[in-house]
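Written out below as structure tokens is the structure these notes cover.
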Amino acid sequence: MLFAERTGHLREEGAYVVFGKAQQLERQGRDIIHLEIGQPDFATFSNVAAAGICAIKNGKTRYTLPAGLLELRQTVAETVGSSRGTAAEPEEVIIAPGSKLLLFFPTLALVGPGDEVLYPNPGFPTYEAMIRLAGGKPVPVPLCEEKGFSLDIEAAGQLVSDRTRLIILNSPGNPTGGVMPVSDLEHIAALARKHDCWVLSDEIYSRLVYDGSTFTSIASLPGMKSRTILVDGFSKTYAMTGWRLGYGVMPKELAGRVSLLLTHSVGCTASFTQYAGIEALCGPQDQVERVRQEYQKRRDAVVSGLQEIPGISCQTPGGAFYAFPNVTALGKPVEELADYLLEEAGVAVLPGTAFGSLGEGYLRISYANSLSNIQQALEQIRQALGRLS
Ligand SMILES: Cc1ncc(COP(=O)(O)O)c(C=O)c1O
């Protein structure tokens with residue numbers, strides 16, 4: 001079949017590929033432990049689910065304005081104001097069915113042919129896909145393992161130029177769990193100001209930071225709010241992946257352009273989902289904290305378990321729910337290794353290369369699974385790798 005050239009670069013997301021292989025094995029009767037998928041294993045918090053159900057029962061099932069319900073936009077503006085320390089107005093907030101669209105549409109609105117976009121590699125695969133769909137040139141920036149997988153600031157300084165239109169940040173990051181220190185954010189902010197470019201800050205894991213550290217958004221640094229698109233959502237924090245709800249905060253003029261893109265694509269976000277979002281932000285937050293503490297326990301179990309396996313070394317990630325162990329000493333391409341672990345250990349993990357070429361030598365392990373499954377998986381991995389040598 002003949003397709004438009006602009007879609008020729010699109011590839012499947014690695015997580016779905018491995019998930020598909022794992023399901024095939026399960027259909028053959030194998031038990032597989034899933035550490036490949038990046039979604040909370042917890043149910044949507046009950047007060048939030050109840051608010052969505054109540055909205056449906058009360059007939060809140062009609063179109064909303066493309067940019068979202070004013071009440072939710074106001075709530076997001078207040079939430080971002082207090083969590084990031086940067087005041088926002090409802091007109092600067094856009095609601096969409098998932099934060100992915102709030103990565104994609106601002107990129108489509110800002111980036112054109114010839115424009116360069118810096119983005120993390122390894123990084124969330126949607127970044128490269130959307131840069132190419134917009135006609136821009138993807139410029140990968142490596143991460144520094146020894147600096148907790150923060151963006152390599154020196155490399156960013158060399159790669160940025162007056163052709164750079166946008167710099168994408170993701171802290172805490174997928175696939176590494178890395179958190180950028182404030183000093184690195186300050187460096188990137190200085191580059192963005194100097195080269196007059198935008199920053200797209202994907203903050204979907206902002207509520208999942210560990211060891212008592214606090215989250216800082218680049219939007220809160222001097223002179224940055226007017227050139228930052230801050231993206232967050234409900235999928236990870238409130239276990240709402242299937243509800244499809246995300247938000248972006250950006251200057252009003254850009255918000256207007258993104259709203260037009262929503263008008264002519266999805267129309268609007270499901271109305272009852274937006275009511276659930278209001279409850280998520282305004283309701284009690286103790287479950288968010290309880291879940292965060294549970295992830296921290298799992299992270300500690302994953303990291304210490306991996307460290308004990310010969311040939312594996314693992315940084316302690318500062319956020320999200322991923323570990324990114326270095327497996328170069330095992331001397332196998334990671335795609336082969338991930339296949340081997342699926343077949344021989346019955347554990348689904350992702351090869352680092354599912355997140356870009358610079359992911360070679362690493363595996364991504366999602367610890368959005370129970371502590372007992374994680375411990376069982378680590379034991380099975382240890383035994384299978386023992387047989388390998
Ligand atoms: C870094 C990152 N950004 C964005 C998303 C998309 O989230 P949403 O479900 O809100 O579209 C994900 C989901 O895995 C992610 O890992």
Side-chain angles (χ1 to χ4, degrees), residues 15 18-19 22 31-43 45 122 143 145-146 148-149 171-179 204-213 215 235-237 239 241 286-330 334 337-338 340-342 344-352 354-355 359 361-388:
V18 176
F19 185 55
D31 282 333
I32 303 295
I33 302 179
H34 291 269
L35 303 185
E36 80 280 37
I37 294 290
Q39 73 173 335
D41 54 317
F42 303 98
F45 303 154
L143 308 181
E145 181 177 4
E146 61 285 2
F149 291 110
S171 171
N174 178 8
T176 65
V179 176
I204 189 94
Y205 298 102
S206 62
R207 298 286 291 275
L208 296 176
V209 290
Y210 308 121
D211 307 318
S213 58
F215 172 77
S235 291
K236 317 291 174 174
T237 308
T241 46
D286 49 321
Q287 293 207 72
V288 177
E289 176 54 17
R290 190 178 53 73
V291 165
R292 192 196 64 79
Q293 287 176 10
E294 176 62 26
Y295 284 136
Q296 185 170 316
K297 267 191 232 153
R298 296 172 181 185
R299 175 202 67 165
D300 294 342
V302 166
V303 172
S304 61
L306 288 169
Q307 290 285 30
E308 282 166 19
I309 300 175
I312 298 186
S313 70
C314 189
Q315 294 271 336
T316 302
F321 38 56
Y322 308 112
F324 205 58
N326 185 325
V327 293
T328 33
L330 294 172
V334 284
L337 198 59
Y340 176 80
L341 290 176
L342 182 60
E344 294 297 318
V347 180
V349 299
L350 296 185
F355 301 90
Y362 301 89
L363 295 174
R364 190 194 78 169
I365 296 193
S366 161
Y367 49 87
N369 203 329
S370 69
L371 206 49
S372 60
N373 278 345
I374 287 169
Q375 268 149 356
Q376 181 68 33
L378 287 166
E379 180 52 27
Q380 289 173 205
I381 291 175
R382 199 183 57 73
Q383 287 179 12
L385 291 180
R387 291 196 293 278
L388 189 66

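- With salt bridges taken as basic N to acidic carboxylate O contacts below 4.0 Å, one links E294 and R298.
- In plain terms, the two heavy atoms of P172 and V209 that are nearest each other are CG-CG1, 3.6 Å.
- For the side chain to side chain contact (heavy atoms under 4.5 Å, CB included) criterion with R364, the lone passing option out of V18, V334, N174 is N174.
- When the side chain to side chain donor-acceptor pair (under 3.5 Å) test is applied to Y362, the partners found at least two apart in sequence or on another chain are E145.
- Aromatic rings from F215 and Y205 are positioned such that their centres are separated by 6.0 Å or more.
- The minimum heavy-atom distance between Q380 and A345, with the atom names listed, is NE2-O, 2.5 Å.
- Closest of all the heavy-atom pairs between L330 and G311 is CG-O, 3.8 Å.
- Between Y367 atom OH and Q296 atom CD the span is 8.5 Å, to the nearest 0.5 Å.
- A donor-acceptor pair under 3.5 Å is formed between the side chain of N369 and the backbone N or O of H34.
- Under the side chain to side chain donor-acceptor pair (under 3.5 Å) criterion, S370 pairs with S372, N373, not counting sequence neighbours.
- When every heavy atom of T176 is checked against every heavy atom of P122, the shortest pair comes out as CG2-CG, 4.5 Å.
- By the salt bridge (Lys or Arg N to Asp or Glu O under 4.0 Å) test, R382 pairs with E379, sequence neighbours left out.
- L378 places a side-chain heavy atom less than 4.5 Å from the side chain of L306.
- Considering only heavy atoms from C-beta on, V327 stays 4.5 Å or farther from L385 through its side chain.
- The shortest non-hydrogen separation linking Q315 to E146 is NE2-CA, 4.1 Å.
- Applying the side chain to side chain donor-acceptor pair (under 3.5 Å) test to Q39 and every residue at least two apart in sequence or in another chain returns T241.
- A distance-only check finds a donor-acceptor pair linking the side chain of K236 to the backbone of G38 [under 3.5 Å].
- Using a distance-only test at 3.5 Å, with no hydrogens or angles considered, no donor-acceptor pair links the side chain of Y322 to the main chain of P317.
- Formation of a donor-acceptor pair under 3.5 Å by the Y210 side chain with backbone atoms of A320 is found in this model.
- Expressed to the nearest 0.5 Å, how far CG of L350 lies from CD1 of I37 amounts to 7.0 Å.
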Next item on the list: Please report the C-alpha distance between V349 and L337 in whole Å, then the side-chain angles of each, then the deciding distance to 0.1 Å, and finally whether the side chain to side chain contact (heavy atoms under 4.5 Å, CB included) criterion is met.
Entry: CA-CA 9 Å; V349 299; L337 198 59; over 6 Å; no
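- Residues passing the side chain to side chain donor-acceptor pair (under 3.5 Å) test with Q293, sequence neighbours excluded: E289.
- Taking every heavy atom of both residues into account, A22 and A348 meet most closely at CB-CB, 4.3 Å.
- Between Y295 and F42, the ring planes are perpendicular. Angles over 60° get that label, and only those under 30° would be called parallel.
- Note on residues 299-321: pairs passing salt bridge (Lys or Arg N to Asp or Glu O under 4.0 Å), not counting sequence neighbours, are D211-R299.
- We find the CG-CD distance between L388 and Q383 to be 14.0 Å, quoted to the nearest 0.5 Å.
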Check: Run the side chain to side chain contact (heavy atoms under 4.5 Å, CB included) check on V302 and L35 step by step: do they pass?
Finding: CA-CA 11 Å; V302 166; L35 303 185; over 6 Å; no
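- Counting heavy atoms from C-beta outward, S206 and T237 have side chains that stay 4.5 Å or more apart.
- Counting heavy atoms from C-beta on, the side chains of F324 and P175 come closer than 4.5 Å.
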